[in-house]
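Each remark here refers to the structure printed beneath this line.
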Amino acid sequence: MIVKQIWTGNSGRNFNYLVACAETGEALAIDPLDHEKCLRAAKAEGWNITQILNTHEHRDHTGGNGPMVQETGAPIIAHKNAKARIAEMSRGLSAGDIVKVGKTVELEALDTPGHTMSHVCLLSHTDKPALFCGDTLFNAGAGNCHNGGHPAELYKTFSEQLAKLPDSTSIYPGHDYIENNLRFTLNREPDNKRAKEMLDRVGGQDPGKAYVSTLGVEREINTFFRLSSPSVIATLRAAFPDLPDNPDERTVFLKLRELRNSW
Ligand SMILES: [Zn+2]
């Protein structure tokens, strides 16, 4: 499996992806908003885009579908419940379904509601897994829920699915938000040394050569995986004085999601 992360350079800071089979050169385009950059990148590698996948129905992820289909004739794949909102979608995914790319690549669909209620992440079946997580999980952050999502569902997706993936899983999110998100981590958890080191490392980085984190790293720098950290809870109590003693992780997650909206 070869992964190409494509930086769009747009104001939404979107990342698009090509995932290719090294043997056949067939490629899957994930959320190819900047269809021209994606097509150019595929051409430069000698790849053939044979499928398009949308992680979810938001326009900044589906907006390149039309011209991409016109250029490649590739079918569009998305969550089975996104049919009404993604024009010309031809395959609907349920949890556990496999998207095959060429001969060698298998990507498993995870049904990951929260950012929207019809969002899929793709998990590669490779020795070192890769997770294409759209707007569910960001580097050092979590997706918002104000365009068709539900914070409680997002918490369930994090705790029941994402948190259970191996530390070695590479994280490929739908946007480059790492710098801002690390500032939120440090705002909530000022003593988080790993987050401070990471901010020094990626602050001002060229998103065209972006740092790719792993789930193990996210567990250290992403507040939404650090729900029992004493300093996360202490700063949360400063913002929400009625926070119960020993708050459960769900409560902490929901309060953090709420704070992040106005931060
Ligand atoms: Zn979105």
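Just follow the structure's listing: the first ligand is 1, and inside any ligand the first atom is 1.
Glu179 and Arg183 are joined by a salt bridge, as a carboxylate oxygen and a charged side-chain nitrogen come within less than 4.0 angstrom of each other.
Coordination check, His56 versus the Zn ion (ligand 1): passed, since an N/O/S atom of the residue sits under 2.8 Å. Distance check for His61 against the Zn ion (ligand 1): none of its N/O/S atoms falls below 2.8 Å.
In summary, the aromatic rings of His175 and Phe138 are positioned with their centroids under 6.0 Å apart. Separation of the His61 and His56 ring centroids falls under the 6.0 Å cut-off.
Remark: side-chain polar atoms of Arg188 are paired, donor with acceptor, to backbone N or O of Thr235 under 3.5 angstrom.
Summary: ND1 is the N/O/S atom of His58 found nearest to the Zn ion (ligand 1).
When rounded to 10 degrees, the angle formed at the Zn ion (ligand 1) by OD2 (Asp135) and NE2 (His115) equals 90°.
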